[in-house]
A.B. asks: 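Got a structure here, written out as structure tokens. Questions coming.
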2 protein chains.
Amino acid sequence: MKAVSERKQQITSTAERLFNQKGYLATSVRDLAEALGIEAASLYSHVQSKEELLWSIADRCADEFFDAVRPIAESNLHTQQKLTEMIVAHVMVITRNQDASAVFFREWKHLSEPQKSQYAQRQSDYEGIFKAVIRKGMEENLFKNFDEGFSARTILSAINWTHTWYRPDGEWTARQVGEHLSGFLLNGLIRTI
Amino acid sequence: MKAVSERKQQITSTAERLFNQKGYLATSVRDLAEALGIEAASLYSHVQSKEELLWSIADRCADEFFDAVRPIAESNLHTQQKLTEMIVAHVMVITRNQDASAVFFREWKHLSEPQKSQYAQRQSDYEGIFKAVIRKGMEENLFKNFDEGFSARTILSAINWTHTWYRPDGEWTARQVGEHLSGFLLNGLIRTI
DNA sequence: GTCTATAGTTTGATAGAC
DNA sequence: GTCTATCAAACTATAGAC
């Protein structure tokens, strides 16, 4: 755990907001400085480059997803309950890091190597956590025999998109959104009784 | 229907590919010209601006979605079958316009007004087609009473993401992907019998 | 329709005073 | 740590010859 100055924190959260609103490439260092009320050159006392900011946002966001979901995957909850709680935890990470997760999902393409490869590796590892739980559920004859990669991607696609429409001041809490999504994805839209 | 020169067609499809691979802002007019084997200035005999290219890609892609899905929504298929066929049709548009649909989903933010508002309006109209069918299914007591906006967004999120992983040379046809997705989303991951 | 040449901005980043 | 000043490179787009 590295200590981070208050100023650096302020820069990072402003960058998250602007990178989300306008996109990474469309946000100039001058835009960022203006939003902070300083000159562009002053930023370089806190940050090595614009890309370092992108990387630090993406990397911290990945940590948040792993830290929230891995303990649940490693718990001894019943498989169905486990997958539900993983989905809820994932959605809660998104909703409390809405700007950062939007940047995480949309702007990683603009990282340079080797960061881009490292990002892809973590993304794949994360998907692997979901795949393992889904495979377990299939082995237990609890889940249908869809391809496990297909299933994991379909679930993650549906829940990742919450970053575009969730509003903290709306009628649903983050947990409610996660539980609705989990109910929808595990049981389907069709009424069975 | 406007006649489009072969050269213009070639420019558009190259733009789709580059805008997808690198992003709209990261693709310079010089990159595009180089990929076509001409000088940047020569492009302007065919195209008014770089943004005009983005708009024409997004607008044509929207047409494809509407043209494929609306006739099914207006047919008198049984509601469940209708929703399945809409999902299949949507996935097939994505898979046969993979570059264009990726640009459509990811780069619309970089349109200027009034194109950006027009894009948002069509997007919302399109979601409305799905919402209407879902509401019908709820009224028929066939679908569960999820919020219809929530249901439409969840389905569209899951199926839109195919643009990132579908491979035409993989083991599944576009129709098979659509049917799998439809089966997953309508009936859920959990085994019920 | 394609070229060369270039105008006019904007960009990320640095130098050096305070 | 913030400023002013500035650099070198990249950008979209245009002018005008062929």
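By convention in this document, chain letters (A, B, ...) are assigned in the order of the sequence lines, proteins followed by strands, and residues within each chain are numbered from 1.
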A.B. asks: In whole angstroms, how far is the C1' atom of C/dT2 from the CD1 atom of B/Ile11?
C.D. replies: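 About 12 Å, once rounded to whole Å.
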
A.B. asks: Please report, rounded to the nearest Å, how far the P atom of D/dA10 is from the CG atom of B/Leu25.
C.D. replies: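 These atoms are roughly 17 Å apart.
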
A.B. asks: Where along residues 41-55 of chain A does a heavy atom come under 4.0 Å from DNA chain D, residue by residue in number order?
C.D. replies: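 Of all residues in residues 41-55 of chain A, the ones placing a heavy atom under 4.0 Å from DNA chain D are A/Ala41, A/Ser42, A/Ser45, A/His46.
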
A.B. asks: Can you name the ring pair (Phe, Tyr, Trp, His ring centres under 6.0 Å) partners of A/His46, sequence neighbours left out?
C.D. replies: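 Listed in chain order: nothing, the list is empty.
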
A.B. asks: Please identify each residue that fulfils ring pair (Phe, Tyr, Trp, His ring centres under 6.0 Å) with B/Tyr44, with sequence neighbours left out.
C.D. replies: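 In terms of ring pair (Phe, Tyr, Trp, His ring centres under 6.0 Å), with neighbours along the sequence ignored, B/Tyr44 is linked to no residue.
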
A.B. asks: At under 4.0 Å, does any side-chain N or O of A/Ser28 touch on OP1 or OP2 of C/dT11?
C.D. replies: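 Checking A/Ser28 against C/dT11: at least one side-chain N or O falls below 4.0 Å of OP1 or OP2.
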
A.B. asks: Looking for any heavy atom pair under 4.0 Å, which part of the strands does B/Ser5 touch: base, sugar-phosphate only, or nothing?
C.D. replies: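 Touches nothing.
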
A.B. asks: To the nearest angstrom, how far is A/Arg30 atom CZ from D/dA10 atom P?
C.D. replies: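 From A/Arg30 CZ to D/dA10 P: 16 Å.
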
A.B. asks: Tell me, please, which residues at least two apart from B/Glu179 pass side-chain contact (heavy atoms from CB on, under 4.5 Å).
C.D. replies: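 In terms of side-chain contact (heavy atoms from CB on, under 4.5 Å), with neighbours along the sequence ignored, B/Glu179 is linked to B/Val88, B/Arg175.
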
A.B. asks: Taking B/Ser28's backbone N and O only, do any of them form a donor-acceptor pair with B/Asp31's side chain (distance below 3.5 Å, no angle check)?
C.D. replies: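 Checking the backbone N and O of B/Ser28 against the side chain of B/Asp31, a donor-acceptor pair under 3.5 Å is found.
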
A.B. asks: Enumerate the salt bridge (Lys or Arg N to Asp or Glu O under 4.0 Å) contacts for residues 91-105 of chain A, please, sequence neighbours excluded, ordered by first and then second residue.
C.D. replies: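 Only A/Glu64-A/Arg96 qualify under salt bridge (Lys or Arg N to Asp or Glu O under 4.0 Å).
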
A.B. asks: Got a second to check how far B/Ile155's CD1 is from A/Phe184's CZ, nearest 0.5 Å?
C.D. replies: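 If I round to the nearest 0.5 Å, the distance is 4.0 Å.
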
A.B. asks: Could you tell me how far apart B/Leu18 (CG) and D/dC11 (C1') are, to the nearest whole angstrom?
C.D. replies: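 After rounding, the reported distance stands at 16 Å.
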
A.B. asks: Specify the separation, in whole Å, of atom CG of A/Asp31 and atom P of C/dG12.
C.D. replies: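 These atoms are roughly 8 Å apart.
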
A.B. asks: To the nearest Å, how far apart are B/Glu34 CD and C/dC3 C1'?
C.D. replies: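 Value for this atom pair: 16 Å.
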
A.B. asks: Calculate the interatomic distance between A/Glu6 atom CD and D/dG1 atom C1'; express it in whole Å.
C.D. replies: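 For the pair A/Glu6 CD and D/dG1 C1', the rounded distance is 15 Å.
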
A.B. asks: In whole Å, what is the span from the CD atom of B/Glu39 to the P atom of D/dA13?
C.D. replies: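 After rounding, the gap between these two atoms is 17 Å.
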
A.B. asks: Less than 3.5 Å between a donor and an acceptor, one on the side chain of B/Arg7 and one on the base of C/dG1, is that the case here?
C.D. replies: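 Side chain to base: no pair below 3.5 Å.
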
A.B. asks: Once ring pair (Phe, Tyr, Trp, His ring centres under 6.0 Å) is applied, do any residues pair with A/His180, and if so which ones, sequence neighbours excluded?
C.D. replies: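 A/Trp172, B/Phe150.
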
